[in-house]
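Notes to accompany the following structure.
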Amino acid sequence: MNTGLKITAFAAAVAATFGTAYGVGTGIDPVTDRDKEPTARHGEHEKEDQAERTTAGHTPGGLQISDRGYTLELAETHLVADKKQPLRFTVVEDATGRNVTAYAREHDKELHLIVASRDLTTYRHLHPTRAADGTWSTDVRLPEAGGYRVFADFRPEGAKESLTLGADLGVAGTYEPRNLPAHSTTTKVDGYDVTLKGELKTGAGGDLTLSVARNGRPVTDLQPYLGAYGHLVALRSGDLAYLHVHPNGTPGDGKTEAGPGISFGTAAPSKGAYRLFLDFKHGGKVRTAAFTVYAGGAAEKGGGGHQH
């Protein structure tokens with residue numbers, strides 16, 4: 001085990017103005033692998049659009065703090081490990097210098113906020129509140145020190161497509177680097193067994209199906225969450241390129257069953273290791289299952305992960 005060392009975040013604090021809270025945001029159960037020793041369609045057109053952007057050399061989401069005329073500005077660029085603290089930010093329209101205050105609702109929310117550690121062992125999917133002046137805020141507790149990435153996934157009102165901006169967040173405390181969790185097609189979370197079938201492919205992409213079971217029996221009564229039976233985020237190991245994908249089909253469309261399988265159309269921007277985070281809702285509670293997968297024929301065993 002590497003010797004612990006103290007780190008603090010780099011980056012400058014960004015000023016923000018605060019107004020009356022707008023709406024109510026909630027988070028879901030956190031995912032962390034720190035307690036484990038590491039071992040080595042919403043429609044076919046959406047899947048096709050994703051594959052087209054990937055093959056056309058489109059920069060994956062989350063790698064840029066500014067994109068297409070918008071900038072993500074964090075009010076807090078460093079936090080302290082294992083302490084509940086506020087996380088506040090704004091999305092600024094570059095042309096006017098003003099905070100964005102009007103958003104299109106996508107998948108039941110105006111904005112999806114993801115916070116993930118650089119080693120991909122900690123993951124949070126949060127739904128912050130928006131103040132009248134465009135400032136977003138939520139409380140967060142991050143269990144370990146280290147580097148994190150904050151992703152804001154949204155579509156400004158009137159924009160043709162959504163975008164994902166990313167910014168670095170440092171968490172101070174004793175830092176011990178971890179390996180990427182080992183590749184696996186099964187995982188357990190809160191008494192549920194989740195199984196992954198299919199391969200994450202580059203280029204035209206393909207389908208992944210994640211099936212949920214409990215006590216050895218398939219779960220066939222999944223509940224809608226964010227307008228679907230599942231919500232999937234994929235993050236590329238090394239730079240945390242962000243892929244936000246949604247299921248093939250929607251609840252109530254007469255074709256999509258409420259489990260046990262949730263099918264996603266995916267296309268990876270490159271070969272390499274990725275960490276998948278599946279949110280699903282059952283019994284009134286949202287849970288997150290995490291997998292490590294490899295795209296494009298990358299090695300799946302032994303030493304395939306990155307150390308940070």
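Residues: numbered from 1 along the sequence shown. Just so we're clear, the structure is a prediction, and the values are computed from it rather than from any experiment. As a basis for the values below, the full set of heavy atoms in this structure was taken, side chains included, without hydrogen atoms, waters or symmetry mates.
- The two residues Leu200 and Ala268 come nearest to each other via the heavy atoms CG-CB, 3.9 Å.
- The shortest distance between side-chain heavy atoms of Leu240 and Leu120 falls below 4.5 Å.
- A distance-only check finds a donor-acceptor pair linking the side chain of Asp119 to the backbone of Thr121 [under 3.5 Å].
- Atom OG of Ser137 sits about 11.5 Å away from atom CG of Leu126, to the nearest 0.5 Å.
- You'll find the side chain of Arg236 reaches within 4.5 Å of the side chain of Tyr274, heavy atoms only.
- Within the 3.5 Å criterion, the main-chain N or O of Asp133 finds a donor-acceptor partner in the side chain of Asn99.
- Counting heavy atoms of neighbouring residues, nucleotides and ligands inside a 6.0 Å radius, atom CD of Gln85 exceeds 12 of them.
- Rounding to the nearest 0.5 Å gives a distance of 3.5 Å between OG1 of Thr71 and CG of Asp94.
- Proximity of Leu87 to Leu113: side-chain heavy atoms (C-beta onward) are separated by under 4.5 Å at one or more points.
- The closest side-chain heavy-atom distance from Tyr70 to Glu93 is below 4.5 Å.
- Scanning both residues, Thr209 and Gly261, for their nearest heavy atoms gives CG2-CA, 4.1 Å.
- Listed here is the closest heavy atom pair of Ala234 and Leu276: CB-CD2, 3.4 Å.
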In sequence, state the C-alpha distance, the side-chain angles, and the governing distance for Asp168 and Arg149, and then conclude on side chain to side chain contact (heavy atoms under 4.5 Å, CB included). CA-CA 5 Å; Asp168 286 336; Arg149 190 73 171 168; 2.9 Å; yes
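- No single ILVMFWY cluster, assembled from side-chain heavy atoms under 4.5 Å apart, contains both Phe151 and Val92.
- Ionic pairing of Glu144 and Arg178 is not present here: no N-O contact between side-chain nitrogen and carboxylate oxygen is shorter than 4.0 angstrom.
- Considering all non-hydrogen atoms of both residues, Ala289 and Val194 come closest at CB-CG2, 3.8 Å.
- Among Tyr192, Tyr225, Tyr229, the single residue meeting the ring-ring contact (aromatic ring centres under 6.0 Å, His included) criterion with Phe280 is Tyr192.
- Proximity of a side-chain donor or acceptor of Thr292 to a complementary backbone N or O of Pro181 within less than 3.5 Å is detected.
- Heavy-atom neighbours of Arg98 CZ from other residues, nucleotides or ligands within 6.0 Å: at or below the threshold of 12.
- Classified by interplanar angle (parallel below 30°, tilted 30° to 60°, perpendicular above 60°), the ring pair His112/His125 is tilted.
- Between atom CG of residue Asp82 and atom CG of residue Leu142 there is a gap of 9.5 Å, rounded to the nearest 0.5 Å.
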Evaluate the side chain to side chain contact (heavy atoms under 4.5 Å, CB included) criterion for residues Leu165 and Asp67: first the C-alpha distance (whole Å), next the side-chain angles of each, then the deciding distance (0.1 Å), finally the verdict. CA-CA 7 Å; Leu165 302 179; Asp67 189 22; 3.6 Å; yes
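- Proximity of His282 to Asp221: side-chain heavy atoms (C-beta onward) are separated by under 4.5 Å at one or more points.
- One finds the CG atom of Leu163 at 8.0 Å from the CG atom of Asp153 (value rounded to the nearest 0.5 Å).
- Proximity of Leu196 to Leu208: side-chain heavy atoms (C-beta onward) are separated by under 4.5 Å at one or more points.
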Evaluate salt bridge (charged side-chain N to carboxylate O under 4.0 Å, His left out) for Asp193 paired with Arg214, printing each intermediate quantity in order. CA-CA 6 Å; Asp193 296 295; Arg214 188 180 189 187; over 6 Å; no
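- Taken from NZ in Lys109 to NE2 in His127, the straight-line distance is 5.5 Å, to the nearest 0.5 Å.
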Does the pair Arg130 and Tyr103 meet the rule for a side chain to side chain contact (heavy atoms under 4.5 Å, CB included), with working shown? CA-CA 10 Å; Arg130 177 172 62 80; Tyr103 294 81; 3.7 Å; yes
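- Between Asp190 and Arg287 there is a salt bridge, since a side-chain N of the basic residue sits under 4.0 Å from a carboxylate O of the acidic one.
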Kindly indicate, with the supporting measurements, whether the criterion ring-ring contact (aromatic ring centres under 6.0 Å, His included) is fulfilled by Trp136 and Phe154. CA-CA 12 Å; Trp136 293 90; Phe154 63 94; 8.8 Å; no
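- Heavy-atom minimum distance, Pro143 versus Arg124: CD-NH2, 3.3 Å.
- Using a 4.5 Å cut-off between side-chain heavy atoms of Ile, Leu, Val, Met, Phe, Trp and Tyr, with links allowed through other members, Ile65 and Leu79 fall into the same hydrophobic cluster.
- Taken from CD in Glu73 to CZ in Phe89, the straight-line distance is 12.0 Å, to the nearest 0.5 Å.
- Here the side chain of Arg68 pairs a donor or acceptor atom with the backbone of Ser162 at under 3.5 angstrom.
- When every heavy atom of Thr220 is checked against every heavy atom of Pro260, the shortest pair comes out as CG2-CD, 4.0 Å.
- Inter-residue side-chain proximity for Thr59 and Gln64 is flagged as met; some heavy-atom pair is nearer than 4.5 Å.
- No continuous path of hydrophobic side-chain contacts links Phe277 to Leu63 [ILVMFWY only; heavy atoms under 4.5 Å].
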